[in-house]
Every structure is written in structure tokens, then in C-alpha cells.
There are 2 protein chains.
Amino acid sequence: MSTETGLRERKKRETRRRIERKAFELFETAGFENTTVEAIARAAEISPRTFFHYFPTKEDVVLADYADRLDRIVEQLAGRPEVEGPWEALEASFMVVATDYDTERDLLARRFRIMARSPSVQARSLQLQSGWEDAVAEVLSRRSGREEQDLESRLMAGAAMIAMRASQRHWLATGQEVHLPALVRRCFGMLAGGFGSVH
Amino acid sequence: MSTETGLRERKKRETRRRIERKAFELFETAGFENTTVEAIARAAEISPRTFFHYFPTKEDVVLADYADRLDRIVEQLAGRPEVEGPWEALEASFMVVATDYDTERDLLARRFRIMARSPSVQARSLQLQSGWEDAVAEVLSRRSGREEQDLESRLMAGAAMIAMRASQRHWLATGQEVHLPALVRRCFGMLAGGFGSVH
DNA sequence: ATGCAAACTTACAGTCACTGCAATTATTAG
DNA sequence: CTAATAATTGCAGTGACTGTAAGTTTGCAT
């Protein structure tokens, strides 16, 4: 099913890739803000109007598959065994997805670099994360048998997101020399232990 | 000095207030997205161009003094005694500012309601929070004698922000019946204790 | 008071992201 | 081959935001 071999599907996938590839190139050379959708369209040999059939906003070209990754974490979480504590389950879900952080390190770094330099992409990324946070809070609440989201589930979901974000920034700031999943694990560890004892 | 009694200053303050007041009314009746800057300008009896001399974006009308509040937290933090642990200092800084959450409860609720219904205001709010998070991480890093931001400072800053956000959302979702500062305190408490023991 | 400088407001023209619509072209299924 | 379906495109429009230059108001020194 992921190998829908129709001509139509294939063309669409190719066009989408072409847009992404060209857009990234332009973003990296000219900067995100200085690259117009028209320029991307020209480079990808489509009309400007068509661009918006593929991506809802210019920002989403950078973040599309980042969003997919977030969705996968939620899926993982929903499938964790009930006996696990919520934080445990959260960490495990994360780590499953974080594993392929390593195989796509370069793409990841490119994305982050573009994001780091353009406020609007950052904003969109935060928005995605926030939606994700909400979804996680929902799953965690259900897990603990509640109808409505409780404070602790919200907090935990947010904390997990922060673990991810702090890791990302640190990873970027230190020149990507460290293993990203290891950073994530350390963050989860600190949050598990709590800040009360830190002096 | 806050009572600059020149005519010029007074007029500016009045205009700014008038924009805010009218804009809020329009946002609440018609919705943020359905309110154009032109309409706000008309209601506030200024030209559309002038609007942008007062607020950089439409979103900032809703969030301007929220940003101020965030700045004050950072100021507080910078002034905390060195003997305090970082998390302690962070909580204390928060609580100082959170105190007047209570006196401005209505304004706060209005702001949150507008925000909750309009993605772009949410996005802008997240952006502000993210900038704030970075500033806090910076102060915390200095505090622990580092030149560059370390992972733990970043994480702690993020966690504090999440404490704030989770509290806000919970407060809104439960109909503002609970004391907001109390929620914040509970969140800080949970993060101090850590999630490791939760089952 | 008066006149000059600085600050504030405004009109105008322009850029750019994004949308709805309707016409055109390409792909598919029968 | 043909009819239905999906993708692409052009076009006209909206709305946020910016630079610029000209007009208006306020502050201040004389």
C-alpha cells in the first residue's frame, strides 16, 4: 500500500520531493525569508498555485516529515503496555522514534539550521509541538483512566516535549558531535529524578 | 519616570490603550481572524499605518503585556540570591510575578480565550515563550558559572515554562475556578519531585 | 509669542503569502 | 476509445506588513 504504483501517485511523490529538494537548496543559499514561493515554484517547475496543493504553508516544506515523526510517537505511546508507568511509556515511545534520528542526521541538521535562522519556521515548529503535546496529554489522561485531561498528564506531556527540544538545541549548539538519542535519554533521566535535589 | 507627564507621552499611551480596547472588543465579537487591521484602525480612529507604529503584528495587540510579564520573571531571576538552588530561584521568581495573576484575572481570561481560538495568536505566544525560555536558560547557565548554555539549564528553563503553560491550560479548561498560582506551585512541585516514581 | 527641530501621523505604492474559482490537461477505469 | 476523476494552472482578490516621503503636532529655546 505504500507502493501504490500508479503513474499518478508516482508523479505526485516525485513532484513533492522536487519541491522539497529545491526549496531546501534555496533556503540554504538565500535564506528562508528571502525565498519566495514563486521562486520555489519556478525552481521546481510548477506553478505557484500548485505549490499550495502540496504544502499548506511555506514553513511546512521544512517541517512536513518532522510532523510525521511526532505522529509516530503518539502512535507508539498508544500501543505501550498498561503496566508501564506513564513516564516510562513516554520515554520508550520516544526512543523508538529517536533511533532513526541517527540515520537521518544530516537531513535533521539541515532542517534545524534553517529553522534556527528563521523565526516563522520556528513558530510553526512550536505550533506543531504544541499540538503534539496536547495529543500526548490526551493519551496519558486516558491511560490513567480519566475522561478529561488532568494537570499531571499535561505537565508530563509538556516535559517530554521539552526534553526533546532541549536536546535538539543542545545538539545543534554543540555542533552535532554528541549522539542525539543519548541527550534525549539524559533529559528524560533528569526529569525522572526531579529538580528538587539540584544545588 | 513612569509618570512622564508630557502631552506627547500621554497621547501615545491613550492611543495605545484605545487600540487595545477596541481590538479586544472586535476580536471577541467577530473573532481574531475575521478582524482586519483596517477595522481596528477605523475603530481606534487612526490610520492603518499608524497601527503598525504601535504594534509590530496584529497578534501582539493580544500579547504585548504578557511579554512584559515574562521579562519581569527574568529580571526577578537575575536578582535572586546565589545560595538558592536554581529550581528554587526559578520557582520564587515565578511566584513573585504570578501573584498579580490574581488581580488581573479577568484580563488574563479574556486574553487566553482569544488565544485559545486563534492559531496565529497561539503561535506568537509560543514564540514569545520560547524566547523567554532561552533568556532563562542563559541566566541559569551563568548562575552555575558557565560560559555557554548547558543541557540542564536549558531543560530546567523549558520545564519552568511548561509548568506555566500546563497551569494556564488547566486553569482555562476547568473554568478558572482554581487559584492559578496554586496550580503553578503544584506543577513546580511535581517537577521538583520528578516523574520517576509515578505509576 | 515665534520659530525651529524632533516626534508623530498619514497616504501611497508595493511585496508576499495564501485562497477560491473556473478552465484546462493528464490519468485511470471500463 | 470514452467517460469519470484527479491534478495543474491562470486569474483575480484579500490581508498583513514595509519603505518612503510629505504633512501635522509637540517641545523648547529665544
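Below, each value reflects all heavy atoms present in this structure, side chains not excepted, and no hydrogens, waters or symmetry copies. The sequence lines fix the lettering, A, B, ..., with proteins before strands; numbering per chain opens at 1.
Counting only N and O atoms by type, the side chains of B:Ser141 and B:Gln149 include no donor and acceptor under 3.5 Å apart. Counting only N and O atoms by type, the side chains of B:Gln129 and B:Arg165 include a donor and acceptor under 3.5 Å apart. Side-chain contact check for A:Thr15 and A:Arg10: no donor-acceptor pair (N or O, by modelled atom type) lies under 3.5 Å.
Distance CD1 (B:Ile46) to P (D:dT24): 19 Å, rounded to an integer number of Å. Straight-line distance from the NZ atom of A:Lys12 to the C1' atom of D:dT8: 11 Å, rounded to whole Å. For the pair A:Ile40 CD1 and C:dC16 P, the computed distance is 12 Å after rounding to whole Å. Remark: C1' of C:dC8 and CZ of B:Arg16 are 15 Å apart, rounded to the nearest angstrom. Between the CD atom of B:Glu45 and the C1' atom of D:dT24 there is a distance of 17 Å, rounded to whole Å. Atom-to-atom, CZ of A:Arg124 to C1' of C:dA17 comes out at 14 Å; the value is rounded to the nearest Å. One atom, NE2 of B:His53, and another, C1' of D:dT25, lie 14 Å apart when rounded to the nearest Å. Spacing between atom CZ of A:Phe51 and atom P of C:dC16 amounts to 15 Å, rounded to whole angstrom units.
Surrounding CZ of A:Arg185 are at most 12 heavy atoms belonging to other residues, nucleotides or ligands under 6.0 Å away.
Of the candidates D:dT8, C:dC8, C:dT9, C:dC8 carries the atom nearest the B:Arg8 side chain, counting heavy atoms from C-beta on. Closest contact between the side chain of B:Lys11 and the listed nucleotides D:dT25, C:dT27, D:dT20 involves D:dT25. Closest to the B:Arg49 side chain, of the nucleotides C:dC18, D:dT8, C:dT10, is C:dT10. Here D:dT8 is the nucleotide among C:dT9, D:dA16, D:dT8 with the atom lying nearest to any side-chain atom of A:Tyr54.
Residue contacts shown for B:Thr50 include a base, since a base heavy atom lies under 4.0 Å away. Residue B:Thr35 is in sugar-phosphate contact alone, with no base atom involved, counting any heavy-atom pair closer than 4.0 Å across all strands shown.
B:Trp132 and B:Phe94 have their aromatic ring centers within a separation under 6.0 angstrom.
Between A:Ser47 and B:Glu33, the residue anchored nearer the 5' end of DNA chain D, judged by the nucleotide with its closest heavy atom, is A:Ser47.
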